[in-house]
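What follows is a single structure, written as structure tokens, with notes after it.
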Amino acid sequence: MSKRLRDLFASARTDGRKLFMPYLTAGYPRREDTVLLLLAMEAGGADVIEIGVPFSDPMADGATIQHANQVALEQHVSLGDCFTYVREARAQGLKAPIILMGYYNPILARGEERTVREAKESGADGFIVVDLPPEEAGAFLAACRTYDMSFVPMVAPTSADGRIRLLAETGDAFLYCVSMTGTTGKGNVPLDNLPFFIERIRKQTDLPLAVGFGINTRAQAERVREVADAAVVGSAIIATIDAAEEDHRAQSVREFVEDVSGR
Amino acid sequence: MGAETALSPRFGEFGGRYIPETLVGAHEDLDRAYGEARNDPSFQAELDDLLKHYVGRATPLYFAEHLTRECGGARIWLKREDLAHTGAHKINNALGQALLAKRLGKPRIIAETGAGQHGVATATVCAMLDLECVVYMGSEDIKRQSLNAFRMKMLGAELVPVESGSKTLKDAINEAMRDWVTNVETTHYIIGSAIGPHPFPTIVRDFQSVIGKEARAQMLEQAGKLADVAIACVGGGSNAIGLFHPLLDDPTRLIGVEAGGDGVGTGKHSATLVAGRPGVLHGTKTYLLQDADGQILETHSISAGLDYPGVGPEHSWLKTSERAEYVAVDDKQALEGFKALTRTEGIIPALEPSHAIFHAMRVARELGPDKDILIGLSGRGDKDMHTVAAALGVTL
């Protein structure tokens, strides 16, 4: 497990503080934007940052993040480039833990052990791999344990109680709870069932819980913070970038994060 | 084998279940339901009855005497899946899975389609079984296969054009997966080939194995012996695995024919097993056409049904275990196979099995007389007339 993540969640729990986790597709909209945007997110109040590793077939993502992946791939942004962005952001003072989020095939193509080692060396803290359930994650999990990197399982509303226990045993720093059955980027998710979903998970584990998918606004993030430990916002960050003038992207993202994070 | 699932999730190192967490429960339910169904005589009886009276099985085994004479070598036999209801083998699987969906209590069906044959087959059984049907099809493929697109609409299916990525089969699968992640509680996804996460490759193979079981018995009856070689085209590979699987313990040589497109050397092709390497896509570990970074490559083939950068995991295992061999036949050669069968036998094949026909003609000459070649003729060619006309420079 990543020490940075463990310490952060421990201190947040002690202080009763809720965390904010924005997401950015690496290399979107341009390669040179990524490090600036990461720093802007931290300046706006990001506690943990998710960097999306581009993939040609992001089957759990909605149109917004699909498009961001496509734009990144048109610039040939690779997993190796993601490590470069993390290294540069750390060199420029980024303190927040970084989770690399993506799909399994680019990791497999680079080599699982190599991927985890290079991620660690670059200053990243963990992985969310959308299409790698614990049953298939043996070699990757072993590499994560070797390099003290966090493996963050996803929990869905369709996960049965026994399955949630298995996921919790696999995870270490926190669980990523998917707010609804669906892809990323669905706006105005009502979240009415979220308290029951979170309560069901809490019965199985003490791990901190982050909630993502369909969280676009400050009001939604507040509802998440009422019941969970952290709120994740992805597509709305991409949309904020798209809406901003080219020279004001970092500033717009910073302001958006300030607003939604409730800082 | 008990009512508990006894299906192996892997074929050697290939297969498995690489899926988002939201879909895990649905796959476990499907695994269990299928494990129970395959042990339930009433399920098999219902399926057999519909296969006989609705699909028109058994499909004939036809001795292609004139094509055999033209090639001057081994005897060529055709397993006539083109004569199955809706004109291709796809209905064997669509029907079986639709009956499974009823068992699961799921009233809504989604499917992806490339050439449109699986979409038509699914829309057909949904019309008959009164299930809601939504079919995802790449907008590029809708252009290539406008007749099938219209057939689906007439059958009452909602046809959703897919505009993402290369706008072909791979992207239609992505979109169908996104629908399934969203509507999993009410919806069953009828995957059209022996691909995808466990247990789909096994389910599709089992429903398609009727091809090989019938063909094997028909060869024994009509030729008095087993085929020396069995040949089928491979995109995802459902008709090929359906033909091959019942023959695995026989001495029959098995050859899968992939789409060579403009030529394997050009990079514009769909010859996954010939030119790819293992990876994970659409929930399964299998051979893929991918770049050094693990990004999936765009593919090309004259036949929309073979235009896919992955392949069923059991074929990957048959390749690495050397039980089957895989070759590529390019667009031009496929057209030659198409023309040869049409002219000599008066059978217009789909462009997909035209790849297998071309290769079988080569193998027939190599083997010489007194040998027998069995071709999986997976579908008929009506849907492809516009494509063939365009390739031959004819305006319809």
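Just so it is clear: chains get the letters A, B, ... in the order the sequence lines come, proteins before strands, and each one is counted from 1. Just so you know, these numbers come straight off a predicted model, no measurement behind them.
A donor-acceptor pair under 3.5 Å links the side-chain atoms of A:E136 to the main chain of B:R17, judged by distance alone. A donor-acceptor pair is defined here as one N or O able to donate and one able to accept, closer than 3.5 Å; such a pair exists between the side chain of B:Q295 and the backbone of A:S56. With A:D131 contributing its side chain and B:P20 its backbone, the two residues share no donor-acceptor pair below 3.5 Å. When atom types are taken as modelled, the side chain of B:R178 and the backbone of A:P58 share a donor-acceptor pair closer than 3.5 angstrom.
A:R110 has no carboxylate O lying under 4.0 Å from a charged side-chain N of B:D293, or vice versa, which leaves the two without a salt bridge.
With a 4.5 Å cut-off on non-hydrogen atoms, B:A292 touches chain A through its backbone but not through its side chain. B:L288 touches chain A through its side chain: at least one heavy atom from C-beta onward sits under 4.5 Å away, while N, CA, C and O do not. When heavy atoms are compared at a cutoff of 4.5 Å, A:V155 approaches chain B solely by way of its backbone atoms N, CA, C and O. Residue contact with chain B, scored on non-hydrogen atoms closer than 4.5 Å, is absent for A:I107. The part of B:L281 that comes within reach of chain A is its side chain, from C-beta onward, which places non-hydrogen atoms under 4.5 angstrom from that chain.
Note that the CG atom of A:N69 and the OG atom of B:S164 stand 11.5 Å from one another [nearest 0.5 Å]. Taken from OG1 in A:T181 to CD in B:E21, the straight-line distance is 13.0 Å, to the nearest 0.5 Å. The distance from atom CG of A:D57 to atom CD of B:Q290, rounded to the nearest 0.5 Å, is 11.0 Å. With rounding to the nearest 0.5 angstrom, the OG1 atom of A:T183 is 15.5 Å from the CH2 atom of B:W180.
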Let me see the working for B:I296 and A:N105 under side-chain contact (heavy atoms from CB on, under 4.5 Å), right down to the final yes or no.
CA-CA 9 Å; B:I296 307 307; A:N105 202 50; 3.9 Å; yes

